[in-house]
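Take a look at the structure set out below.
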Amino acid sequence: MQFALRDQATAGNPVSTVLRLNNVGVTNGIFQATLDFGTNVWNGDARWLGISVRNAGSQAAFTLLVPSQQVP
């Protein structure tokens with residue numbers, strides 16, 4: 001899985017580096033991941049979390065899940 005923060009829900013600009021976590025377990029569409037984008041991305045502006053996935057061990061491109069999720 002890949003995770004990135006953006007400044008808009010769709011077609012937004014990235015405001016973080018991409019975090020990649022390998023072998024995240026998913027059961028019935030539910031997963032848990034601990035993410036640390038640092039402190040520089042939190043300036044009071046709205047942020048959306050983009051999540052991209054691919055099968056474990058695959059070299060295929062990641063597929064972006066839509067919609068992005070707003071971070072409260």
Side-chain angles (χ1 to χ4, degrees):
M1 291 186 161
Q2 290 186 153
F3 303 87
L5 288 179
R6 295 189 170 273
D7 61 0
Q8 295 180 16
T10 57
N13 298 305
V15 295
S16 73
T17 58
V18 174
L19 301 178
R20 184 180 292 183
L21 301 178
N22 295 317
N23 300 320
V24 175
V26 179
T27 302
N28 296 324
I30 299 173
F31 65 91
Q32 180 175 336
T34 301
L35 307 174
D36 184 356
F37 292 106
T39 58
N40 295 336
V41 299
W42 308 110
N43 63 4
D45 292 341
R47 297 291 183 241
W48 282 264
L49 179 64
I51 303 170
S52 299
V53 299
R54 71 178 178 192
N55 288 334
S58 173
Q59 296 301 313
F62 283 86
T63 300
L64 179 64
L65 303 178
V66 291
S68 295
Q69 300 300 303
Q70 188 168 15
V71 180

If you group Ile, Leu, Val, Met, Phe, Trp and Tyr by side-chain heavy-atom gaps below 4.5 Å, do Val15 and Ile51 land in one group?
-> yes

Does Gln8 have any side-chain hydrogen bond (donor to acceptor under 3.5 Å, both in side chains) partners at least two apart in sequence or in another chain, and if so, which?
-> none

Are Phe62 and Trp48 connected in the hydrophobic side-chain network, where two residues link if heavy atoms are under 4.5 Å apart?
-> no

Main-chain N/O of Gly12 paired with Asp7 side-chain donor or acceptor, under 3.5 Å | no

Side-chain heavy atoms under 4.5 angstrom apart, residues restricted to Ile, Leu, Val, Met, Phe, Trp, Tyr: same cluster for Leu19 and Met1?
-> yes

Relative to each other, are the rings of Phe3 and Phe31 parallel, tilted or perpendicular (30° and 60° limits)?
-> tilted

For Arg47, check side-chain hydrogen bond (donor to acceptor under 3.5 Å, both in side chains) against everything at least two apart and list the hits.
-> Asn43

Show me, pair by pair, the donor-acceptor contacts under 3.5 angstrom made by side chains of residues 63-72, not counting sequence neighbours?
residue, atom, partner, partner atom, Å
Ser68, OG, Ala9, O, 3.4
Gln69, NE2, Pro67, O, 3.0

For Ser52 and Gln2, indicate whether the former's side chain and the latter's backbone hold a donor-acceptor pair under 3.5 Å.
-> no

State the CG-CG distance between Leu5 and Asn13, to the nearest 0.5 angstrom.
-> 13.0 Å

Tell me, do Leu35 and Leu49 make a side-chain contact under 4.5 Å, heavy atoms counted?
-> yes

